[in-house]
**Q** 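Below is the structure I would like to discuss, written out as structure tokens.
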There are 2 protein chains.
Amino acid sequence: MALRHAVLAALLDEELSGYQLAKAFDLGVANFWHALPQQLYAELARLEKDGLISGREVVQDTRPNKRLFIVTEAGLAELERFTASAAKPSSIRDDLIVKVQAADHVDPATLIAQLTERAAFAQAKVDLFGGLLDRMRGDRSEEDFLRNGEGIGPYLTCLRGLAFERGNLDWCERTIAVLREREAARATR
Amino acid sequence: MALRHAVLAALLDEELSGYQLAKAFDLGVANFWHALPQQLYAELARLEKDGLISGREVVQDTRPNKRLFIVTEAGLAELERFTASAAKPSSIRDDLIVKVQAADHVDPATLIAQLTERAAFAQAKVDLFGGLLDRMRGDRSEEDFLRNGEGIGPYLTCLRGLAFERGNLDWCERTIAVLREREAARATR
DNA sequence: TATGATTAGTCAGTTTCTTGAGTATCATGC
DNA sequence: GCATGATACTCAAGAAACTGACTAATCATA
């Protein structure tokens, strides 16, 4: 039951529709969780049923109507309770790392192609997160913003996302370089 | 079906029992995947049924008997196929980051406690991975080992694990510092 | 004027992961 | 001499996540 709390946390700062939430949780801005639209709509229904969020219908004439959700008092209390509960340690779960684990038994060129693709993806995320941080910070310095600003939660999680993707990028580049060097060494042997 | 390939990759370098695998995939050395014993035993059974690994009974007199598994030719081919298939981008999924996302609405002291705990955990992992890397590398330099050594797959994945935990550690410490400073600023206001 | 993309969602089915309990033997420490 | 923990594994049930298909309107573009 952690998606539950991720949704609550996302709805704290803005009133969002299921559709908007889905965009945020899809590959993109979701630097602190990931989920598919189906999961989110289901979770929103459960959260509303349990009184942790409340939705209001917004009638639109040019677009289909939508429902916007906000966190209730009960929802905030639930988040507070969640925050105090023990967190399980996060661990990496990544196809690409599994592939590299098998590096000694598998075609290096294939691996390099995969790593290159991932590096590009990571770079795009780094740029995206960089931009998001700039926007949140406005014209203030990071130190000033974090000391005195409002809404630092999203900023801090975005910082983690940025560092994570930088880590991905560095590792991909390093690994590509290693594999290339070994290929070159093998060719001249 | 990625646990499947994670198990195959883990069995490439050593012949392991389900129990040993479980230890590796539990909180500990599993720097490239995570799974519980029940999942692993089930996956091993499936893999053997599909002919991707083969097990042999080892009779022990002081301990319960065990079955050791190795990857078959078919298993290696399956890994090769997997390596060439598209990898889905990995994303973070972490309770603690959800909690920090809600930082503006939640008790800072609770958050700091959680972050401190996680920082200690991350530090332990950093130490563990550092030691593992030393052992794999032996007396060679990292450059030399990665250029000419054998079994660099596990080394490279361990490097990613190390960087990831360093990232966790840095972020926890930074976030704790920010929360403390804001607490102090609030107290004097 | 089709074609595809975007907004806004729903439904069904399957796989994967987690929780919890249980079995059995042997070694170690108090 | 009895509790604790390690080795080695199994079974069942439930929660969470993923796959894939589907409705229905509007807007952009070629």
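Predicted model, so just to flag it, every value in this text is computed and none were measured. For the numbers below, each heavy atom of this structure counts, side chains included, while hydrogens, waters and symmetry mates do not. Letters A, B, ... are given to chains in the order of the sequence lines, protein chains preceding strands, and every chain is numbered from 1.
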**Q** Does D/dA25 have its OP1 or OP2 closer than 4.0 Å to a side-chain nitrogen or oxygen of A/T62?
**A** no
**Q** Nearest whole angstrom, please: distance from the P of D/dA25 to the CG of A/N65.
**A** 12 Å
**Q** A/K23 side chain N/O closer than 4.0 Å to the phosphate oxygens (OP1, OP2) of C/dT7?
**A** yes
**Q** Return the value, rounded to whole Å, for the distance between atom CZ of A/F69 and atom P of C/dG9.
**A** 7 Å
**Q** Does NZ or CZ of A/K66 fall inside the cone over A/Y19's six-membered ring, less than 6.0 Å from its centre and within 45° of the axis?
**A** no
**Q** Could you state the CG-P distance from B/D26 to D/dC9, rounded to the nearest angstrom?
**A** 16 Å
**Q** Starting at NZ of A/K66 and ending at C1' of D/dT26, how long is that distance when rounded to a whole Å?
**A** 14 Å
**Q** Among C/dT6, C/dT18, D/dA8, which nucleotide has an atom closest to any side-chain atom of B/Y19?
**A** D/dA8
**Q** Roughly how far, to the nearest 0.5 Å, is OH of B/Y155 from CG of B/L146?
**A** 6.0 Å
**Q** Do NZ/NE/NH1/NH2 and the carboxylate oxygens of B/E165 and B/R118 come within less than 4.0 Å?
**A** no
**Q** Once you round it to whole Å, what is the distance between P of C/dT7 and CG of A/D61?
**A** 17 Å
**Q** Measure the acute angle between the ring planes of A/F164 and B/F164, then classify it against the limits of 30° and 60° as parallel, tilted or perpendicular.
**A** perpendicular
**Q** 5'-most contact on DNA chain D: A/L3 or A/P64, nearest heavy atom basis?
**A** A/L3
**Q** Without decimals, in angstroms, what is the distance between A/Q39 CD and C/dT15 C1'?
**A** 13 Å
**Q** Of B/R63 and A/L36, whose closest DNA chain D nucleotide lies nearer the 5' terminus?
**A** B/R63
**Q** Atom CZ of B/R67 to atom C1' of D/dT10: distance rounded to whole Å?
**A** 14 Å
**Q** Answer with base, sugar-phosphate or nothing: what part of the nucleic acid does A/R4 contact at a heavy-atom distance below 4.0 Å?
**A** nothing
**Q** Does a distance-only test, which skips hydrogens and angles, find a donor-acceptor pair under 3.5 Å between the side chain of A/Q38 and the base of D/dG20?
**A** yes
**Q** What distance separates A/E80 CD from A/E78 CD, expressed to the nearest 0.5 Å?
**A** 11.0 Å
**Q** Using whole Å, report how far OH of A/Y41 lies from P of C/dG9.
**A** 4 Å
